[in-house]
Amino acid sequence: MQKFLLLLLLLPSLSAAEPLRVFASVLPIQTFVAKVGGEHVDARAMVRPGFNPHTYDPTPQQIATLSGAVLYVRTGVPFEAAWMERIRSANPAMQVMDAREGIELREMEAHDHEEHGHGEHGHEAHADGHGHKDELHHESDNDYHAHAGEGALEQDPHVWTNPVLVTHMVGRIRDELSKLAPDHATDFTRNHDTFVAELNALDTELHTLLDPLPNRKFMVFHPAWGYFADSYGLTQVSIEHEGKEPGAHGLAALIDQAKQEKIKVVFVQPQFDKRQARQVAQAIGGGVVSVDPLAADYVDNLRRVGHQFAQALKP
Ligand code: ZN
């Protein structure tokens with residue numbers, strides 16, 4: 001009798017579907033998965049809040065929780081180059097989706113090193129970027145975030161900073177989730193449509209805000225805003241160059257450029273050191289403003305960022 005009661009108590013929880021566990025490399029993409037997946041998905045980010053995706057090391061606990069995941073969404077941030085293979089082997093049954101697929105990737109700005117030409121390597125890097133699924137495995141994992149020392153052009157992984165590209169990305173997330181849980185496909189489609197409407201409204205708002213500004217150049221420490229800049233006709237000037245801080249000579253040149261362009265603000269992000277940004281800001285009599293490309297509250301955050309850029313670009 002007792003056994004029978006226990007069984008009755010257990011049955012509902014056994015039949016209730018567990019939400020699909022989905023990992024994303026960074027917080028904004030976790031948000032996109034959560035927006036589309038709604039109650040059917042348990043979305044997580046590998047790079048935890050406040051950590052830097054360029055240098056992140058997943059914890060052993062995180063690697064262990066991958067075993068319950070059905071999908072991993074990567075985006076080419078540098079820690080993936082070292083970790084994708086271990087992430088895949090932690091759960092070979094897990095689907096891996098590349099959030100960059102179908103998006104034309106931009107190169108990181110201003111490559112002026114002379115020891116390597118912009119020849120074959122660059123093209124190879126491009127081919128990887130648009131890679132076919134089955135080719136994304138070993139080679140591209142290692143080659144993707146190109147090693148500057150080997151002469152490959154480094155491709156910019158920060159695709160999510162442009163809301164128009166995000167509409168494309170969430171369409172692919174909807175498709176992927178619908179394949180994994182066809183019963184919920186209508187919910188995924190509805191959630192997707194709601195979120196895309198929100199993204200389109202945000203895009204219109206940002207155009208209204210940024211299009212009329214006479215100054216079009218902004219300065220950042222880490223170049224995370226290239227896709228955002230492209231979308232609104234702005235130009236990002238970066239202090240960091242190919243992931244490295246400039247030396248005294250490079251810094252002096254940047255200060256000259258900032259003065260010439262009448263740049264008054266240096267944008268930083270919470271995950272990076274602010275020392276050099278402060279140095280430049282001081283030299284140009286300007287300020288340092290923090291904007292976060294990795295915030296989880298994507299739409300509100302991008303709206304805030306838009307206002308901060310508009311403030312900095314006012315004459
Ligand atoms: Zn970055």
Side-chain angles (χ1 to χ4, degrees), residues 24-29 32 46-47 52-56 73-84 97-113 116 118 121-131 136 140-169 172 203 206 216-246 254 266-269 271-272 277 291-295 298 301-302 305-306 309:
S25 285
V26 292
L27 282 163
I29 296 185
F32 308 154
M46 192 53 90
V47 179
N52 184 332
H54 291 254
T55 53
Y56 189 71
V73 187
R74 64 177 306 200
T75 184
V77 285
F79 92 90
E80 291 174 355
W83 281 90
M84 256 345 270
M97 173 190 151
D98 194 321
R100 298 165 295 178
E101 209 174 287
I103 292 174
E104 196 180 331
L105 298 177
R106 62 196 306 286
E107 284 155 15
M108 296 297 245
E109 358 293 299
H111 292 250
D112 57 16
H113 57 121
H116 292 288
H118 286 183
H121 285 294
H123 290 295
E124 274 164 31
H126 260 296
D128 284 347
H130 300 283
L136 277 173
S140 60
D141 283 345
N142 296 326
D143 289 346
Y144 206 93
H145 208 83
H147 319 288
E150 289 165 22
L153 289 177
E154 192 169 1
Q155 287 179 314
D156 186 342
H158 309 90
V159 281
W160 65 86
T161 61
N162 175 338
V164 179
L165 296 182
V166 174
T167 61
H168 169 81
M169 221 181 274
R172 294 192 45 245
D203 179 52
L206 289 171
R216 310 305 295 171
K217 278 193 184 166
F218 63 93
M219 185 174 268
V220 294
F221 176 69
H222 176 66
W225 297 99
Y227 294 92
F228 180 92
D230 286 354
S231 194
Y232 303 104
L234 303 172
T235 304
Q236 165 181 264
V237 179
S238 173
I239 294 180
E240 220 187 29
H241 181 70
E242 293 176 344
K244 291 186 200 79
E245 295 192 347
L254 281 164
V266 182
F267 289 100
V268 293
Q269 67 182 83
Q271 302 83 6
F272 285 80
V291 286
D292 191 359
L294 291 163
Y298 182 79
N301 178 62
L302 217 59
V305 171
F309 279 155

Please determine whether side chain to side chain contact (heavy atoms under 4.5 Å, CB included) holds for the pair Asn52 and Phe79, giving the CA-CA distance in whole Å, both sets of side-chain angles, and the decisive distance to 0.1 Å.
CA-CA 9 Å; Asn52 184 332; Phe79 92 90; over 6 Å; no

Can you tell me how far the [atom1] atom of [X] sits from the [atom2] atom of [Y], to the nearest 0.5 Å?
| X | Y | atom1 | atom2 | answer |
| --- | --- | --- | --- | --- |
| Gln155 | Glu104 | CD | CD | 10.0 Å |
| Tyr227 | Asn162 | OH | CG | 9.5 Å |
| Thr235 | Lys217 | OG1 | NZ | 6.0 Å |
| Met169 | Asp98 | CE | CG | 9.5 Å |
| Ile239 | Glu245 | CD1 | CD | 9.0 Å |
| His158 | Leu105 | NE2 | CG | 12.0 Å |

Listed once per pair and sorted, the salt bridge (charged side-chain N to carboxylate O under 4.0 Å, His left out) pairs that draw on residues 218-229, sequence neighbours left out
none

Side chain to side chain donor-acceptor pair (under 3.5 Å) partners of Tyr232, counting only residues at least two apart
Asp203

Residue pair His54, Phe272: steps toward the ring pair (Phe, Tyr, Trp, His ring centres under 6.0 Å) verdict
CA-CA 10 Å; His54 291 254; Phe272 285 80; 5.6 Å; yes

Evaluate Val305 against Phe267 for side chain to side chain contact (heavy atoms under 4.5 Å, CB included), listing each step before the verdict.
CA-CA 10 Å; Val305 171; Phe267 289 100; over 6 Å; no

Specify the closest pair of heavy atoms between [X] and [Y], including all atoms of both residues, with the distance to one decimal.
| X | Y | value |
| --- | --- | --- |
| Pro223 | Ser238 | CD-OG, 3.3 Å |
| Ile103 | Ala99 | CD1-O, 3.6 Å |
| Gln236 | Ala224 | OE1-N, 3.6 Å |

Does any part of the side chain of [Y], heavy atoms only, come nearer than 4.5 Å to the side chain of [X], both counted from C-beta?
| X | Y | value |
| --- | --- | --- |
| Phe309 | Leu206 | no |
| Val47 | Leu294 | no |
| Trp83 | Tyr56 | no |
| Pro246 | His241 | no |

Using the side-chain contact (heavy atoms from CB on, under 4.5 Å) criterion, which residues pair with Asp230? Sequence neighbours excluded.
Arg106

Hey, does the side chain of [X] reach the backbone of [Y] with a donor-acceptor pair shorter than 3.5 angstrom?
| X | Y | answer |
| --- | --- | --- |
| His168 | Glu101 | yes |
| Thr167 | Val164 | yes |
| Asp292 | Asn301 | no |

Report the C-alpha separation of Phe218 and Trp225 in whole Å, then their side-chain angles, then the decisive distance to 0.1 Å, and conclude whether the ring pair (Phe, Tyr, Trp, His ring centres under 6.0 Å) test is met.
CA-CA 10 Å; Phe218 63 93; Trp225 297 99; 7.8 Å; no

